J.: 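Sharing a structure here in C-alpha cells format.
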2 protein chains.
Amino acid sequence: MKKQMQPVDAAALLEEHGFKKTPLRLLLLEILSISPAPLPVSTLQRKTKKLGADLATLYRALNAFVEAELVQAITADKKKALYELNRPKIHVHHIMCDSCNTVETIPFCIKSLDQQAINVSRLFKKIYSHQLAFVGTCRKCLRAVR
Amino acid sequence: MKKQMQPVDAAALLEEHGFKKTPLRLLLLEILSISPAPLPVSTLQRKTKKLGADLATLYRALNAFVEAELVQAITADKKKALYELNRPKIHVHHIMCDSCNTVETIPFCIKSLDQQAINVSRLFKKIYSHQLAFVGTCRKCLRAVR
DNA sequence: ATACAAATGCAAATGATTTGCAATTGTCAG
DNA sequence: CTGACAATTGCAAATCATTTGCATTTGTAT
Ligand SMILES: [Mn+2]
Ligand SMILES: [Mn+2]
Ligand SMILES: [Zn+2]
Ligand SMILES: [Zn+2]
C-alpha cells in the first residue's frame with residue numbers, strides 16, 4: 001500500500017544540468033525520486049552511508065540541485081529543511097503535522113491556486129512559484145492522543 | 001502613502017492571554033501592530049533598544065506570543081524567522097522577493113483557499129492553518145536590474 | 001507589604017548549514 | 001588513451017540564528 005514514486009533517470013538529469021555523474025549525486029537523485037515524502041538531510045545521509053559522504057558534501061550537492069531547480073527545499077519545518085525532487089509536470093503542496101512534524105506531500109496543485117497566483121502578480125512584477133503548507137494533526141498522532 | 005496598520009491595545013492583549021505587562025512585551029506588541037510587514041528579530045531588537053532587552057528575552061517573548069497565537073512566525077525565509085501580529089479577523093498571506101528577500105504581506109486570504117483547505121482535510125483529520133507564500137521579484141529589484 | 005510565578009540578564013550551549021583549502025575525480029579535447 | 005582542468009569531495013573550523021540553565025528581578029494578586 002506504500003505509495004511509490006516514479007523513478008527518474010538520474011544520470012540523464014545530471015547530464016542535462018551540466019553536473020558530473022558522481023556516485024553520491026546519482027544516488028541522491030535516485031533516493032529522492034522514489035521517496036513519497038520530502039526528506040531531511042539526516043535521512044539522506046543515512047540512506048547514502050554506504051558511500052560515506054561528508055555532510056558538507058551532501059549539503060553542497062543539495063544546494064546545487066536546488067539552484068538548478070532539480071530539487072525543491074521545503075522550509076515549512078523551520079528547523080531542518082526537507083528536500084523533494086522537483087517534477088516538472090507535477091506541482092505539489094505539503095501538509096505538516098504540528099505534533100510529530102511529519103511533512104506529507106499533496107501530489108497535486110490545489111485547484112485554482114495557480115490562477116489566483118496570476119491575480120496576485122499585480123503586486124509583484126514577476127511570480128516564479130508559490131509554496132503552500134497546511135498545518136494540522138496527522139491521523140497517527142490523533143490516534144495516539146485518544 | 002506608507003500603509004499603516006491598525007494599532008492594538010497591547011496591555012489588553014497581554015492581559016487576555018495571562019502575560020505580565022512588561023515594558024518589552026508591551027512595546028513589542030505595539031511595534032508589531034503598526035508594522036505593515038513581518039519583522040525579523042534583528043529589527044525588533046533595534047526598535048526596542050531603548051529598553052536594552054537581551055536577545056534571549058526577545059526570543060522568549062516572541063515564542064510565548066507565537067505559542068499563544070498572538071503572533072505568527074513566518075518561515076518563508078528559512079534563515080531567520082519573521083514575526084507578524086496575528087489579527088483574528090484578517091487572515092493574510094505573504095510574498096517574498098527572491099532577490100532582496102523582502103517579505104510583503106498580502107492583507108487578505110487568497111480567495112477560495114480556505115474552502116480548499118476543507119477539501120484537503122480529508123488527508124489529515126484536523127487542519128489548523130495554512131501558510132501560503134509566493135516567490136518572485138519585487139518591483140524595486142526589477143527596476144534595479146534593467 | 002508579602003508571596004510566588006513569570007520574566008529577564010548573562011553566559012554558554014545547540015544544531016543546522018556554510019566555508020576555506022588542499023586533494024580527488026569526472027569529463028573532454030587532442 | 002592521456003592530460004588538462006574544472007567540478008566535486010573530505011576535513012576541520014566557522015557561522016549564525018535560536019535555545020537553555022540558573023540566579024536575580026519584576027509584575028500581580030492577596
Ligand atoms: Mn500550486
Ligand atoms: Mn488563507
Ligand atoms: Zn503526526
Ligand atoms: Zn526585491
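The shown structure was predicted, so the numbers you read here are calculated from the model rather than taken from an experiment. In what follows, every heavy atom counts, from backbone to side chain, and hydrogens, waters and symmetry copies are set aside.
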J.: Whole-Å distance between D:dA7 P and A:Phe65 CZ?
T.: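 One finds 15 Å between P of D:dA7 and CZ of A:Phe65, rounded.
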J.: Please round to 10 degrees the angle between the axis of the first five pairs and the axis of the last five pairs in the helix from C:dA1-D:dT30 to C:dA12-D:dT19.
T.: 30°
J.: Do B:Leu70 and B:Leu39 share a hydrophobic cluster (ILVMFWY, side-chain heavy atoms under 4.5 Å, transitive)?
T.: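 Yes, it is one cluster - the side chains of B:Leu70 and B:Leu39 are joined through contacts under 4.5 Å.
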J.: As an exercise, state the distance from CG of A:Leu28 to OG1 of A:Thr22, rounded to the nearest 0.5 Å.
T.: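 Output value for this atom pair is 9.0 Å.
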J.: Whole Å only: how far is the CD atom of A:Glu67 from the C1' atom of D:dT8?
T.: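 Spelled out: CD on A:Glu67 to C1' on D:dT8 is 16 Å.
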J.: Indicate the atoms forming the closest heavy-atom contact of A:Pro7 with A:Ser33, along with that distance.
T.: CA-OG, 3.6 Å
J.: For the pair made of CG in A:Leu14 and P in D:dT9, what is the distance, rounded to whole Å?
T.: 10 Å
J.: If I take atom CG in residue B:Leu44 and atom C1' in nucleotide D:dA17, what distance separates them, rounded to the nearest angstrom?
T.: 14 Å
J.: Using whole Å, report how far CG of A:Leu62 lies from P of C:dA16.
T.: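 After rounding, the gap between these two atoms is 15 Å.
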J.: Rounded to whole Å, how long is the line connecting atom CG of B:Leu29 with atom P of C:dA7?
T.: 12 Å
J.: I need a per-nucleotide contact map over nucleotides 17-27 of chain C, read 5' to 3'. Cutoff is protein heavy atoms under 4.0 Å; write B for the base, S for backbone only, - otherwise.
T.: BBBB----BBS
J.: List, one per line, each side-chain donor-acceptor pair under 3.5 Å for residues 9-21 of chain A, sequence neighbours excluded.
T.:
from	atom 1	to	atom 2	distance (Å)
A:Asp9	OD1	A:Ala11	N	3.3
A:Asp9	OD1	A:Ala12	N	3.1
A:Glu15	OE1	A:Lys21	NZ	3.0

J.: Checking B:Glu84 now: which residues fulfil side-chain hydrogen bond (donor to acceptor under 3.5 Å, both in side chains) with it, not counting sequence neighbours?
T.: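 So B:Glu84 forms a side-chain hydrogen bond (donor to acceptor under 3.5 Å, both in side chains) with B:His94, B:Thr105.
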J.: Taking only side-chain nitrogens and oxygens of A:Arg25, does any of them come within less than 4.0 Å of OP1 or OP2 of D:dT9?
T.: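 Yes, such a contact exists.
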J.: For the atom pair CD1 (B:Ile34) and CG (B:Leu29), what is the distance rounded to the nearest 0.5 Å?
T.: 11.5 Å
J.: Scan for ring-ring contact (aromatic ring centres under 6.0 Å, His included) pairs involving residues 20-52 of chain B, sequence neighbours excluded, and state none if there are none.
T.: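 For residues 20-52 of chain B, and leaving out neighbouring residues, there are no ring-ring contact (aromatic ring centres under 6.0 Å, His included) pairs at all.
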J.: Pairs under 3.5 angstrom only: tabulate donor-acceptor contacts from the side chains of residues 47-68 of chain B to other protein residues two or more places apart or in another chain.
T.:
from	atom 1	to	atom 2	distance (Å)
B:Thr48	OG1	B:Leu44	O	2.8
B:Thr48	OG1	B:Gln45	O	3.2
B:Asp54	OD2	B:Ala56	N	2.8
B:Asn63	ND2	B:Tyr59	O	3.4

J.: Taking CG from B:Leu51 and C1' from D:dT25, how many angstroms apart are they, rounded to a whole number?
T.: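 Roughly 15 Å, once rounded to whole Å.
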J.: Starting at CD of A:Gln72, measure out to CG of A:Leu85 and round the result to the nearest 0.5 Å.
T.: 10.0 Å
J.: Between A:Leu26 (CG) and D:dT9 (P), how many Å, whole number?
T.: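 Going from CG in A:Leu26 over to P in D:dT9 covers 10 Å.
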